[in-house]
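Notes follow once the structure below has been shown.
Basis for what follows: all heavy atoms, side chains included, without hydrogens, waters or symmetry-related copies. Throughout, numbering of the chain's residues begins at 1 and tracks the sequence.
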Amino acid sequence: MENARYILKIFRGHPGNQYWEEFELQNEPYANVISSLMEIQKNPINRQGKKVEPVVWEQGCLEEVCGSCSMLINGRPRQACTALINVIIEETKNTTITLAPFSKFPLVRDLIVDRDSMFENLKKAHAWIDVDSTFDRGFGPKISPEKQEMMYALSTCMTCGCCVEACPQVNAKSKFMGPQIFSQVRLFNANPTGMHQKAKRLHAVMQEGGISDCGHAQNCVKVCPKNIPLTDSIAAIGRDTTLQAFKDIFSLPDRE
């Protein structure tokens, strides 16, 4: 495969004016989608031999940690930095690879979309831990190894948007917040300090577009690049919001 050529078929353009454009590239050892886009950027000549504007995309860490290079690769939401060309060709038995921007977020240009809605939802859900005085004394609250393991898995979320893109409940007619927010609520509520804001977080996901709007399609967990147990979190938050609703009805105090 090293001496073969392959085609990147890219759905690019501006909002209201998108089109497919193909670029033919020489296959190199360990090439991935990002390195391929960099080659196009250096010499933006399409398959018709016409020099065009370089394709634009987002990238950051190049090691599947930042989540910025999310895009649709052969129709599947994933990170471009870990999408190896030879692996894709071997899996699909096809030397044409399609790239497209996510469809559930506002398009900026070419392969870049605006994921601000995900970060706004994190704000709504109070997805952080308020500072207390324990760390000033050189230590934090004790957390069991079992809980640490669960929390670590949830903490690897990159806010990349893959789960949102794959979720059928996220569409133009829905206000659904998306699957990722429930794992973050679960993460911060599991923290001994963060649990003091548990009711506030649960109320945020009990509103319109929250946990009750989840259709349980389970697409999210299939595409998550970090293998976060998203469906487990959805089930856990579903239970917690039910208990919170009963507490609200009967004016029961929150246990800390």
Given salt bridge (Lys or Arg N to Asp or Glu O under 4.0 Å), test Glu165 with Lys104 step by step and report yes or no.
CA-CA 6 Å; Glu165 179 67 21; Lys104 304 292 180 73; 5.6 Å; no
Tell me whether Tyr30 at atom OH has more than 12 heavy atoms from other residues, nucleotides or ligands lying less than 6.0 Å away.
no
Would a 4.5 Å heavy-atom cut-off, applied to side chains only, mark Lys124 and Gln207 as touching?
no
Sequence neighbours left out, what passes side-chain hydrogen bond (donor to acceptor under 3.5 Å, both in side chains) with Thr96? Give chain and number order.
none
Just do the side-chain contact (heavy atoms from CB on, under 4.5 Å) check on Leu122 and Ile181 with the steps written out, would you?
CA-CA 7 Å; Leu122 289 172; Ile181 196 66; 3.6 Å; yes
Mark yes or no for whether Ser35, through its side chain, and Ala31, through its backbone, hold a donor-acceptor pair below 3.5 Å.
no
Say you draw a straight line from NZ of Lys9 to CG of Asn74; how long is it, rounded to the nearest 0.5 Å?
10.5 Å
Would a hydrophobic clustering, with Ile, Leu, Val, Met, Phe, Trp and Tyr connected at side-chain separations under 4.5 Å, put Phe105 with Val223?
no
Donor-acceptor pair, Arg115 side chain versus Thr159 backbone, under 3.5 Å?
yes
So Met71 and Glu58, side-chain contact (heavy atoms from CB on, under 4.5 Å) or not? Walk me through it.
CA-CA 9 Å; Met71 61 183 71; Glu58 281 192 283; over 6 Å; no
What are the two closest heavy atoms between Ile234 and Cys220, and how far apart are they?
CD1-SG, 4.4 Å
According to a 4.5 Å side-chain heavy-atom criterion applied to Ile, Leu, Val, Met, Phe, Trp and Tyr, with indirect links allowed, do Ile228 and Phe188 form part of one hydrophobic cluster?
yes
Between Asp130 and Thr193, is the side-chain contact (heavy atoms from CB on, under 4.5 Å) condition met? List the steps.
CA-CA 7 Å; Asp130 292 324; Thr193 302; 5.5 Å; no
Under 3.5 Å: donor-acceptor pair, side chain of Asn121, backbone of Met177
yes
Of Asn43, Val52, Ile7, which is the lone residue that meets side chain to side chain contact (heavy atoms under 4.5 Å, CB included) with Phe23?
Val52
Joint hydrophobic cluster, Leu62 plus Leu8, side-chain heavy atoms closer than 4.5 Å
yes
With heavy-atom distances below 4.5 Å as the criterion, would you say the side chains of Asn27 and Ile89 are in contact?
yes
Find out whether Asp240 and Lys198 are in side-chain contact, i.e. whether some heavy atom of one side chain is under 4.5 Å from a heavy atom of the other.
yes
With side chains defined as the heavy atoms from C-beta onward, is the minimum distance between Cys162 and Phe102 less than 4.5 Å?
yes
Taking atom CZ as the centre, does Phe246 end up with more than 12 heavy-atom neighbours from other residues, nucleotides or ligands that are less than 6.0 angstrom away?
no
Test your reading of the model: is there a side-chain donor-acceptor pair from Thr241 to the backbone of Met206, 3.5 Å cut-off?
no
Without swapping roles, check the side chain of Gln218 against the backbone of Thr231 for a donor-acceptor pair under 3.5 Å.
no
I'd like to check the ring pair (Phe, Tyr, Trp, His ring centres under 6.0 Å) partners of His126; sequence neighbours left out, ordered by chain and number.
Trp128
Would a hydrophobic clustering, with Ile, Leu, Val, Met, Phe, Trp and Tyr connected at side-chain separations under 4.5 Å, put Ile88 with Val55?
yes
hydrophobic_cluster_shared for Leu111 and Met158, side chain cutoff 4.5 Å
no
Spacing of CE belonging to Met150 relative to CG belonging to Leu154, to within rounding of 0.5 Å
5.5 Å
Measure across Ala100 and Phe11 and return the closest heavy-atom pair with its distance rounded to 0.1 Å.
CB-CB, 3.9 Å
Quick one: does any side-chain atom of Arg201 pair with a main-chain N or O of Gly194 as donor and acceptor, under 3.5 Å?
yes
List the steps, then state whether side-chain contact (heavy atoms from CB on, under 4.5 Å) holds for Val185 with Phe182.
CA-CA 5 Å; Val185 169; Phe182 307 117; 5.6 Å; no
Nearest 0.5 Å please: distance from the CD atom of Glu22 over to the OG1 atom of Thr98.
10.5 Å
Side-chain H-bond candidate by donor/acceptor type, Asp248 with Gln244, under 3.5 Å
yes
Minimum heavy-atom separation for Cys224 to Leu230, with atom names?
CB-CD1, 4.1 Å
Sidechain-backbone polar pair: Arg12 side chain, Leu99 backbone, donor-acceptor under 3.5 Å:
no
Do Tyr6 and Leu25 have side-chain heavy atoms sitting under 4.5 Å apart?
yes
Do Trp57 and Met38 come within less than 4.5 Å of each other through their side chains, counting heavy atoms only?
yes
Atom pair CD1 (Ile10) and CD1 (Ile97), whose distance is rounded to the nearest 0.5 Å:
10.5 Å
When rounded to the nearest 0.5 Å, the distance separating OG of Ser233 from CG of Asn189 is 11.0 Å
At what distance, to the nearest 0.5 angstrom, does CD of Gln59 lie from SG of Cys66?
8.5 Å
Nearest heavy atoms of Ala204 and Ala125, plus distance in Å:
CB-CA, 3.8 Å
Do you know the tightest heavy-atom contact between Cys160 and Gln79?
CB-NE2, 3.4 Å
Do Val108 and Val113 have side chains that get closer than 4.5 Å, going by heavy atoms?
no
Could you check whether any side-chain heavy atom of Pro192 comes within less than 4.5 Å of a side-chain heavy atom of Ile143, counting everything from C-beta outward?
yes
Minimum heavy-atom separation for Leu72 and Pro77, please, with both atom names.
CD2-N, 3.6 Å
Ignoring hydrogens and angles, tell me if any N or O in the side chain of Asn219 forms a donor-acceptor pair with the backbone of Ala166 under 3.5 Å.
yes
Any donor-acceptor N/O pair, Ser183 side chain to Gln180 backbone, under 3.5 Å
no
Does Ser70 reach the main-chain N or O of Gly67 with its side chain, forming a donor-acceptor pair under 3.5 Å?
yes
